[in-house]
Protein chains: 2
Amino acid sequence: MSNSKLYKGSLTTIILKLLNENDKMYGYEITQRVKELTKGELKITEGALYPALHKLEAEGLLDVEVAKVDNRLRKYYKLTESGTKETVNKLEELAEYIKTMQALVNPKLA
Amino acid sequence: MSNSKLYKGSLTTIILKLLNENDKMYGYEITQRVKELTKGELKITEGALYPALHKLEAEGLLDVEVAKVDNRLRKYYKLTESGTKETVNKLEELAEYIKTMQALVNPKLA
DNA sequence: TCCTTATGTATAAGAATCTTAGGTATCAAA
DNA sequence: TTTGATACCTAAGATTCTTATACATAAGGA
């Protein structure tokens, strides 16, 4: 995902936020979008992405819809109602995390 | 450490930064300082802290010095030379992480 | 006096998240 | 025809954390 360990635990937040902006997306599309938005800084590996998507689906935060495009399978994911709520929570947690870490590494600004 | 999973992977950065500011600190002191600096938001558990300190020591980033205060054991940790270098790296990675995450969750500002 | 809280360190079992490495399949381009 | 892009998937292992437990001293209240 990056040589930095800080991203550990961030994947769910990233997925939910992208789906919050894009209505529906499929797995491969998510990996490409992340690479693009972060200018290559962050690459989501499949081994992390697919289990994460399946877990979010199992938790009822995502709905899935299978499609066939160019004779190839695609699984479109979209937020459920509780998925939308959870997205808000996750974004608040991210903002809080950043604030807390800045208090720790830059206490002069706190 | 917090109900938020985002902190996973951040502990090393926190320890190194605190030792970079404070010359030497002992484990329990680190937990208290973090609680104080984050106004209770972040509580470092012992089960996470001590293994992390031992690992940093094993990697040569920290030196240890045992002391006895009020008949109780204390282990003071301080940065080695390579620990100081690694602190710079970790802080750069944190800044990069924050920048990347903001590009993802707030693309309008990017 | 006894019990709790604070101080101080430590480890071990298990959960959660990720990496690494594989597997399957279609399509376009070299 | 082989490579690269597209598209999905899983399993073994590494890493980091939580939870629970253990040991020990000191101070304070019931």
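We name chains A, B, ... by the order of the sequence lines, and we start the count at 1 in each one.
Under a cutoff of 6.0 Å and an axis angle of 45°, K24(B) and Y76(B) form a cation-pi pair.
Put simply, CG on L56(A) is 14 Å from P on dA16(C), counting in whole angstrom units. Going from atom CD of E65(B) over to atom P of dT9(C) covers 13 Å, rounded to whole Å. If you measure from atom CZ of R74(A) to atom P of dA7(D), you get 4 Å, rounded to the nearest angstrom. In this structure, the CD atom of E36(B) is 16 Å from the P atom of dA6(C), given to the nearest Å. Rounded to an integer number of Å, the gap from K68(A) NZ to dA7(D) C1' is 12 Å. The nearest whole Å value for the distance from the CZ atom in R33(B) to the P atom in dT7(C) is 13 Å. Between the NZ atom of K75(A) and the P atom of dT26(C) there is a distance of 17 Å, given to the nearest Å.
Atom CG in L37(B) sits 11.5 Å away from atom CD in Q32(B) (nearest 0.5 Å).
Proximity of R33(B) to L18(B): side-chain heavy atoms (C-beta onward) are separated by under 4.5 Å at one or more points.
Between N71(A) and Y28(B), it is Y28(B) whose nearest contact on DNA chain C lies nearer the 5' terminus.
For residues 85-95 of chain B, the pairs satisfying side-chain hydrogen bond (donor to acceptor under 3.5 Å, both in side chains) are E86(B)-N89(B), with sequence neighbours left out. Sorted by first then second residue, the side-chain hydrogen bond (donor to acceptor under 3.5 Å, both in side chains) pairs that include residues 5-14 of chain A, not counting sequence neighbours, are Y7(A)-E41(A), Y7(A)-T100(B), S10(A)-Y97(B).
Transitive grouping of hydrophobic side chains (ILVMFWY, heavy atoms separated by less than 4.5 Å) brings L56(B) and V64(B) into a common cluster.
Nearest heavy atoms, L11(A) versus A48(A): CD2-O, 3.6 Å.
For Y50(A), a side-chain nitrogen or oxygen approaches OP1 or OP2 of dC8(D) to under 4.0 Å. The side chain of Y26(B) contributes an N or O atom lying less than 4.0 Å from OP1 or OP2 of dG8(C). Look at H54(B) and you'll find a side-chain N or O under 4.0 angstrom from OP1 or OP2 of dT11(C).
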> How does protein contact run along nucleotides 12-24 of chain D, one letter per nucleotide 5' to 3', with B for base contact, S for sugar-phosphate only, - for none, heavy atoms under 4.0 Å?
Replying inline: ---BBSBB-----

